[in-house]
There are 6 protein chains.
Amino acid sequence: MPTALVISAHAADFVWRCGGAIALHAQKGYDVTVVCLSFGERGESAKLWKEPDVTLDKVKKARRREAEAAGKALGVGDMVFFDLGDYPLDLDRDAKFRLVDVIRKVQPKFMLSHSLDDPYNTDHPYATKVALECRMIAQAWGHNPGEKVLGAPQLYLFEPHQSEQCGWKPDTILDITEVWDKKRAAIECMEGQEHLWGYYTNVAENRANQFRRNSGGQAGGRPARYAEAFQSIFPRTVDEL
Amino acid sequence: MPTALVISAHAADFVWRCGGAIALHAQKGYDVTVVCLSFGERGESAKLWKEPDVTLDKVKKARRREAEAAGKALGVGDMVFFDLGDYPLDLDRDAKFRLVDVIRKVQPKFMLSHSLDDPYNTDHPYATKVALECRMIAQAWGHNPGEKVLGAPQLYLFEPHQSEQCGWKPDTILDITEVWDKKRAAIECMEGQEHLWGYYTNVAENRANQFRRNSGGQAGGRPARYAEAFQSIFPRTVDEL
Amino acid sequence: MPTALVISAHAADFVWRCGGAIALHAQKGYDVTVVCLSFGERGESAKLWKEPDVTLDKVKKARRREAEAAGKALGVGDMVFFDLGDYPLDLDRDAKFRLVDVIRKVQPKFMLSHSLDDPYNTDHPYATKVALECRMIAQAWGHNPGEKVLGAPQLYLFEPHQSEQCGWKPDTILDITEVWDKKRAAIECMEGQEHLWGYYTNVAENRANQFRRNSGGQAGGRPARYAEAFQSIFPRTVDEL
Amino acid sequence: MPTALVISAHAADFVWRCGGAIALHAQKGYDVTVVCLSFGERGESAKLWKEPDVTLDKVKKARRREAEAAGKALGVGDMVFFDLGDYPLDLDRDAKFRLVDVIRKVQPKFMLSHSLDDPYNTDHPYATKVALECRMIAQAWGHNPGEKVLGAPQLYLFEPHQSEQCGWKPDTILDITEVWDKKRAAIECMEGQEHLWGYYTNVAENRANQFRRNSGGQAGGRPARYAEAFQSIFPRTVDEL
Amino acid sequence: MPTALVISAHAADFVWRCGGAIALHAQKGYDVTVVCLSFGERGESAKLWKEPDVTLDKVKKARRREAEAAGKALGVGDMVFFDLGDYPLDLDRDAKFRLVDVIRKVQPKFMLSHSLDDPYNTDHPYATKVALECRMIAQAWGHNPGEKVLGAPQLYLFEPHQSEQCGWKPDTILDITEVWDKKRAAIECMEGQEHLWGYYTNVAENRANQFRRNSGGQAGGRPARYAEAFQSIFPRTVDEL
Amino acid sequence: MPTALVISAHAADFVWRCGGAIALHAQKGYDVTVVCLSFGERGESAKLWKEPDVTLDKVKKARRREAEAAGKALGVGDMVFFDLGDYPLDLDRDAKFRLVDVIRKVQPKFMLSHSLDDPYNTDHPYATKVALECRMIAQAWGHNPGEKVLGAPQLYLFEPHQSEQCGWKPDTILDITEVWDKKRAAIECMEGQEHLWGYYTNVAENRANQFRRNSGGQAGGRPARYAEAFQSIFPRTVDEL
């Protein structure tokens, strides 16, 4: 059974940015694990903080509930909450090794995380930096000798909020038409961020337009209606171009 | 029967840079067409020009012979010589439309050409610029209406001589182990450039090392022994990451 | 009366990419001139070419009608058709000097054209290259001495179809909410490209989301609902940051 | 009363790099706060360290005196010394939250800090990294709930010593002619770095030449005689181009 | 006797941008050839065009006089005027081959030309593009067989007017202190561009400051007072780091 | 006696990447110091970890032995093992100051370290980041006042494993033909990484081909047979181009 691993800085990131990839691969039989390094409780829960009698703990619980509901809608196999705090996110050595443990346990065929840069949100590129570092540690024969070391999974960077400001250039467009309903259902689980529902529906429609252009253009590309785009970090190794 | 199209500025470029890709896809049943825009007669035939009684015509004939022999060794389906002159290479509107005709006739599943930049050799990036322009024209419904327009084939950029100086970053590594003998045979057809035989054998060995690293690393990548690397211009459209 | 100048490679480009900017500035009292270097008759009129009894002339006329209707909807002051042909677009010295004449006559406060790169469509960056060249010529005291030379207008690059693939990074977001109806009306004039109506409506909505984020974020940005984004070529000269 | 916030790695940086912007905006009625994260006591006080009986404390005091005198000359509203040490500069979580407190208290209309890269001086880009991180934290509703959260102020990067080596590209040139005397007076407060007085006077004159070129060129730009240049991090949101 | 070759788009460029390098190498015994592709008669002679009874021919003559005087002050060995026209500069095949002839005749140890990009002045990067193309042709054994082919001289890019806007990053700083008087004398020959005299004196002083920093910093760099900076296109080949 | 300093993240890096530079400069009379920040015991010793009864300590000892043997073969003057651990490598303030002590003691004419980026191995760019930071601290008059401060040595970045993926662009190629035997002997000391012997021999041969091209090309470059390539961080300060 193939596996995939998503490393999400905050509890909701995996929904907007790769919910379609999760649902599609789950449907194909992948066991998809999502690690939420934080709940996004401080920085991405503005609506919740405006409620009466709010506390940090209540916000975290609400965010967890939303993320779990979204994960369920997408068919996530395992959802792991590291609860490391956000704005800023920070991983000490123990937290990194905990992430290495997950990577080794999952042995992902591919990994998903944030863009390499994001001037609006320094937690995002930090998560990716940690993902690369922990991928490397997971490959080390001298780390917890005896455990199965990691191979060389691709790291795909999912779409940031303002792509051009983040130096993110997609090289892979994935048709998510057949799982769009699941992604939209997951999106609607994020009640605290309703202002983003339409935004990411528009993104999915427009990436599908680009899918059609790149798969055949006016001469007849496949009629994808919803898509997600990704940037690869490592070269692909292939038998055929 | 799938097809592929190589656009080579000079008669020998296709051998060093994508001979393996040609041989491999030919073996897989692709009909591979190679367009040599020039023979490289002025700029890439130093050895021939040192022979007694040399003339431009003799050099062109010798280069053509070598290229044809190499193409045969690789299994090229069709070899087209545009004979446009080199150093500098220049295509007027008629020459571009002639290239459009070839593109439309071949309807390639993918195309191969040079890097986007090369301070040592301005013919190389010029050929790629023309390849992109002619790909666009071939997609135009108003160009020779009634002909079958082009879809949206990938353009792969093959490896330049000094990769880092040419801003070329490979994202695809192709295992050519099983056709290496054919590529080496084609390389040895280029008698006038024997100083490059070892160079490109080294390149193939080292790209294979990188193939192994990127397909599994120390944990066990596939034991490719020879490989070629390519940079893609357009995003891939996929059903699975 | 302030002026602005749009240099559009094909007849429809100005609609999708800066129709809002045109309408907004027209409404503010700018006299906006649009130069269409070609009608996009060969490359961007697929639907028209599928009609019975189509000819190049018919396509050009239909494209002209659509562009004029769109220009009217937007409040364009002057629409100039250079009719230079497309796919590929090419300007000889006379055509460039004709463009210089327009620039000098208009004396634009700012100019608008395409992105600096576009692997899908080489006409687009070519138009921008020409725009920069002609801006320079228009500044030359020795070109048609006695004419009023050009100052130093900003050149804004409007949004290409697949922004990240074109190396385009916006630095200016314009609120076009109050003229959105005009832009949508202009968009609907482009009957031959109905597949793009929704795409650019989505773009306008999402750029507005980015407007809100960059003008105040969660703390309360202005409630723009439609926006356009632009990249500047030259530094701004200001009295206040 | 509008506000601005300068985040300076060392006590003197704000003088050379944005003294004109400070003086100009102070004169326009802005309340400008300058945070000096360190005194530059270890790394930017060579002359002081050559004095007899020098101690770290004496150097810090001297640097503070100079910075305060410069700030007074420029019209700085509030000068805050974090005294965190330099070469290397390092902020722990408490120091970052202290900076967040300042940002929230000031609620700046815009912020100023260093370039994103500087191979000569790693404290500089580190300060900018921290500025972006603290800007993000200041926007978080869950950080010190009840406080007024930050909007989305622009972050301008002021000019590094060797601009091209630092990947810094200015997009905004500010005319500081009318406050040049104040900037020069502030510069002359930095007695320990007299070798830089002429350098930054030259920079101001040459940036003014560029101001003139970009505001009208040969056709008649405004006769600015002194200017400062800045790079913006975020897109501007505008009503008019 | 070693040789050097400067390829200057307009008659004055070589003065501001590499006058020091010319004078210094001439003094060291180099035979320095300067090719002025145009006189800059249309675009860089604003002051002359404001004179009464001006004609194109008069402007060209005046510019030639100034350039010759400057060349003499610098110790230029040979000054070649191609008189190809400017704004825009354009070289057909014959003009390129004429430049190849000069390159082959000079057999330069190194070449000097403009930056690779310049949005203000498209003649500048065009000259560099041609310089690279003609360097390549001069290396071709099949171009005018029998002539001595060119080796692999470095191409240094001299400083553009607004360095950061031109993507120019210097990697070599040359101490021109001992020939500064000659460069200043040459600068003062350019009577039509007096507004640039101070600018390039400031540049020379500030590049000298950078020379001192990079040759020893506070620990004692060489006391250069005037310098010029250059960007190299090709890697250096060395025996010692 | 001139000096040089190599900062190597793991014990073997200095062998593959700059063994030739070390041997060549040692032969020229340089006193070369190599700092190994770690032994690469966890991440770069896969073969050793597959041996029976292996322990971390045994791996470190074996790696140390190999590195010392290699250093001896190359003529290293002083080999310093910081033993800081790898995968991930991390330096606290004390470790950085220890490195500053070495830099100040050595007073290197030039330094060597890793590329600025490496997605495969985050220890590598981290080592370079630290090298730049410690270079800066070593220049500070206020750090350990009384010690001799550092000048401004060049920092050369040696070749990473997959150069194009690491954004590394060489600008300096060093002929190591006369010390190749020493480098090969040092390479063969790394018994645990035999899979890399051929790879780096190929690299040396191909960099020599590039040396020949850049020192004269077809017109006759020096017949270097083995070379190493480097990227410089800082501009060179020169008396002659």
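Proteins come first, then strands; the chains are lettered A, B, ... in the order of their sequence lines, and each starts at number 1.
Of the possible donor and acceptor atoms, none in the side chain of Tyr200(D) sits under 3.5 Å from a partner among the backbone N and O of Val15(D).
At a 4.5 Å heavy-atom cutoff, Ser232(D) makes no contact with chain C through either its backbone or its side chain. Only the side chain of Lys109(D) comes within less than 4.5 Å of a heavy atom of chain C; its backbone N, CA, C and O stay farther away. Contacts between Leu24(D) and chain C at a heavy-atom distance below 4.5 Å involve the side chain alone, from C-beta outward. Heavy atoms closer than 4.5 Å to chain C are found in the side chain of Phe110(D), but not in its backbone. Residue contact with chain C, scored on non-hydrogen atoms closer than 4.5 Å, is absent for Gln139(D). For Arg212(D), no part sits under 4.5 Å from any heavy atom of chain C, backbone or side chain.
Per-residue heavy-atom pair counts under 4.5 Å with chain C were compared for Gln231(D), Lys148(D), Arg222(D), Gln210(D), and the maximum is reached by Arg222(D). Contact count versus chain C (heavy atoms, under 4.5 Å) is highest, among Val238(D), Leu150(D), Thr172(D), for Val238(D). Of all the listed residues (Asn214(D), Leu241(D), Ile233(D), Val149(D)), the one sharing the greatest number of non-hydrogen pairs under 4.5 Å with chain C is Leu241(D). The choice from Ser215(C), Ala227(C), Ala229(C) that makes the most heavy-atom pairs within less than 4.5 Å of chain D is Ser215(C). Note: Leu174(D) leads Leu174(D), Ile176(D), Asp175(D) in heavy-atom pairs under 4.5 Å with chain C. Interface remark: of the candidates Gly221(D), Ala4(D), Gly216(D), Gly216(D) forms the most heavy-atom pairs closer than 4.5 Å to chain C.
The aromatic rings of His161(C) and Tyr199(C) sit parallel, their planes meeting at an angle under 30°, below the 60° perpendicular limit. The aromatic rings of Trp180(C) and Tyr226(C) lie parallel to each other, with less than 30° between the two planes, well short of the 60° mark.
Around CZ of Arg184(D), the count of heavy atoms belonging to other residues, nucleotides or ligands within 6.0 Å exceeds 12. Under a cut-off of 6.0 angstrom, the local environment of NZ in Lys105(C) is sparse, with at most 12 non-hydrogen atoms contributed by other residues, nucleotides or ligands.
Arg135(D) forms a cation-pi arrangement with Phe234(D), by the criterion of a distance under 6.0 Å to the ring centre and an angle within 45° of the ring axis.
No salt bridge links Arg236(C) with Asp171(C); every basic N to acidic carboxylate O contact stays at or beyond 4.0 Å.
Under 3.5 Å, the side chains of Gln162(C) and Tyr120(C) contain a donor-acceptor pair of N or O atoms.
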